[in-house]
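Step one of this worksheet: look at the structure below.
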Amino acid sequence: MTAVGIDAVEIWTGKLKLDLPETFAPQKGDDPAKYTKGLGLRASSFPDAYEDIVTMAANAAYKLMDRKDLEPDDIGRIDVATESAFDNSKPVSTYVAGCLEEVYEDDFHHANKGERKFACIAGTQSIDDAYNWIKAGRNRGRGALVIATDTALYARGDAGEATQGAGAVAMYVTENPSLVELSHAQGYGSADETDFLKPNQQFPSVDGKRSVQVYLARMREALEDYESVAGDVELDGFEYAPFHTPFPGMVRKAALLAYRHVIRDTEHEDALAGEIGRQPRPGEFDDEEAYQEAIREYMDALGDTEQYQDWYAQVIDPTLSISREVGNWYTGSVHIARMSALLEAAEEGTDMTGETLLVGSYGSGAQAEIHAETVVDGWKDEIQACDIYDQIEDRYDISFSEYEQVHDRHNHEKRVELEPFTQPEGEFVFDGWGPMNERKYTYVE
Ligand code: CAA
């Protein structure tokens with residue numbers, strides 16, 4: 001059977017940086033440790049005045065096509081996943097194709113274009129669509145361009161303001177990929193939830209604390225569903241677990257739950273029994289409350305064990321390095337977690353060929369999905385082409401008053417003019433509105 005998976009990835013961060021402990025925390029009267037230790041974030045990326053979801057998506061896509069020597073004829077689909085769209089009819093992928101047609105002689109008229117929406121999980125769903133399209137043999141030898149792009153902004157004063165971010169991840173899904181091969185086993189946890197939504201509004205209505213609980217509940221369901229098709233997940237069965245990362249502290253909570261689940265009834269639980277006892281089982285307690293209390297105590301003790309902390313440092317922490325510096329990219333978030341882990345593996349000289357990633361995607365509203373991917377030969381060259389840490393380093397560090405201006409500039413209701421902080425070069429830029437209220441874009445040499 002032909003392998004299908006992600007052949008190449010390019011990441012594009014918004015050009016501005018908001019330093020959370022240094023710049024944001026003092027203005028909010030917060031202890032900087034809330035950001036660095038609690039949420040696990042150092043900075044958020046923001047779009048400069050000439051950037052938006054289209055420019056970031058088109059720039060990531062162009063970078064990918066250019067590096068891989070692709071022509072428009074090689075692309076059979078362009079799917080954009082976003083929860084920051086500004087048009088309820090015309091998909092962002094048409095704008096992206098329009099941008100790319102400025103720099104290629106040929107066009108994308110024979111590519112199927114669309115836009116996927118299910119909060120942050122839509123990027124993973126678009127990869128699924130591409131996988132299914134190729135597996136069904138409808139791709140005519142072409143690949144799919146899947147782009148996850150978002151400006152994750154919250155209303156000023158919302159608790160979510162601490163977890164903003166902006167960036168795009170372009171992925172090329174093909175037969176015989178060079179980065180990861182996808183598998184057909186998947187698990188879902190999906191329910192009608194009102195934890196985070198944008199009912200025809202730009203900034204989300206969020207029940208922050210509840211959204212954390214919903215994330216954990218849906219991930220747990222997805223893991224159980226995944227195990228029902230793929231068999232029990234084993235602790236040594238995967239090298240990294242990239243999860244959707246609204247902020248690293250969220251993944252810290254999810255990882256502990258996942259670890260407890262995966263080690264249950266295994267030698268790993270036995271190895272810890274002398275130190276912290278065995279996991280509480282419901283039948284051992286008179287009522288639910290006593291059981292839940294025992295679980296909380298066990299979890300606290302588990303998180304403090306060396307066995308757990310070593311596993312976390314090896315399997316989870318490397319997935320969080322980019323996220324820590326850029327914040328939440330919504331649809332792109334799980335895809336930068338994958339790249340973050342593989343960048344670290346390349347840096348450490350680990351041979352990842354044939355190794356497994358356990359990938360956990362999540363979208364509010366709410367749905368989680370878990371699947372496994374196999375890293376394939378060629379991954380290292382792909383990963384070494386990724387310059388995200390240089391981009392992170394090059395961002396312009398905004399002051400708090402500049403942050404306020406940037407937030408206003410990207411507020412759809414305000415239409416505020418703002419002098420850019422950075423100089424665009426060799427990239428697509430937003431160029432104002434056309435007569436039908438459409439956005440216009442230009443390529444700047
Ligand atoms: N030192 C160390 N830690 C500190 C601290 C300090 N001085 N001060 C606070 N903390 C810790 C807190 O204990 C807390 O950690 P725990 O949850 O582990 O206890 C953490 O820092 C955050 O502090 P608060 O809970 O007080 O922060 P908050 O009330 O401002 O809200 C939030 C946090 C609810 C996540 C908020 O930022 C928010 O609403 N974010 C948007 C929603 C979101 O991202 N939800 C995640 C799940 S939904 C999802 O994944 C989809 C998506 O992408 C949006």
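Whatever order the structure lists them in is the order used to number ligands and atoms, beginning at 1.
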With heavy atoms only and a cut-off of under 4.0 Å, state how C120 meets ligand 1: side chain, backbone, both or neither. side chain
for atom 11 (C) of ligand 1, nearest protein heavy atom and its distance come out as G38 CA, 3.5 Å
Using ring-ring contact (aromatic ring centres under 6.0 Å, His included), reason through H410 and F430 one step at a time and then give a plain yes or no. CA-CA 12 Å; H410 294 286; F430 169 66; 8.8 Å; no
Between Y441 and D52, do the side chains contain an N or O donor and an N or O acceptor separated by less than 3.5 Å? yes
Please tell me if atom 2 (C) of ligand 1 is touched by the protein, where touching means a protein heavy-atom distance below 4.0 Å. yes
Within 6.0 Å of CD in E234, more than 12 heavy atoms from elsewhere: no
Of the listed options (P32, A25, S211, G160), which comes nearest to atom 42 (C) of ligand 1 when hydrogens are ignored and any heavy atom counts? S211
Can you report which non-hydrogen protein atom sits closest to atom 49 (C) of ligand 1, along with the distance? Y362 CE2, 3.6 Å
Quick one: do the N328 and T163 side chains pair a donor with an acceptor below 3.5 Å? no
Can you check whether R252 has an N/O within less than 3.5 Å of an N/O in ligand 1? no
Do Y403 and Q164 pair up side chain to side chain, a donor and an acceptor below 3.5 Å, judged on atom types alone? yes
Protein heavy-atom partner closest to atom 25 (O) of ligand 1 - residue, atom, separation in Å: K209 NZ, 2.6 Å
Strictly by modelled atom types, are N59 and E51 linked by a side-chain donor-acceptor pair under 3.5 Å? no
What I want to know is whether Y330 and ligand 1 share at least one N or O pair that is separated by under 3.5 angstrom. no
Atom 7 (N) of ligand 1: nearest protein contact (heavy atom, Å): D31 OD2, 3.0 Å
Using ring-ring contact (aromatic ring centres under 6.0 Å, His included), reason through Y330 and F196 one step at a time and then give a plain yes or no. CA-CA 12 Å; Y330 288 163; F196 171 115; 5.7 Å; yes
For Y154, is at least one N or O under 3.5 Å away from an N or O on ligand 1? no
Tell me whether the count of non-hydrogen atoms from other residues, nucleotides or ligands lying under 6.0 Å of CG in D390 goes above 12. yes
Using a plain distance cutoff, I'd like to know if K34 has any nitrogen or oxygen under 3.5 Å from a nitrogen or oxygen of ligand 1. yes
Below 4.0 angstrom, N of the basic side chain to O of the carboxylate: do D232 and R264 qualify? no
Would you say H184 has more than 12 foreign heavy atoms packed within less than 6.0 Å of its NE2? no
K253 versus ligand 1: do any nitrogen or oxygen atoms come within less than 3.5 Å of each other? yes
What protein heavy atom is closest to atom 22 (C) of ligand 1, reported as residue, atom name and distance in Å? L39 CD2, 3.8 Å
Tell me which protein heavy atom sits closest to atom 39 (O) of ligand 1, plus the residue, atom name and distance to 0.1 Å. G208 CA, 3.4 Å
Using heavy atoms and a threshold below 4.0 Å, how should the contact between V214 and ligand 1 be classified: side chain, backbone, both, or neither? neither
With the threshold set strictly below 4.0 angstrom, can you tell me whether any protein non-hydrogen atom sits that near atom 32 (C) of ligand 1? no
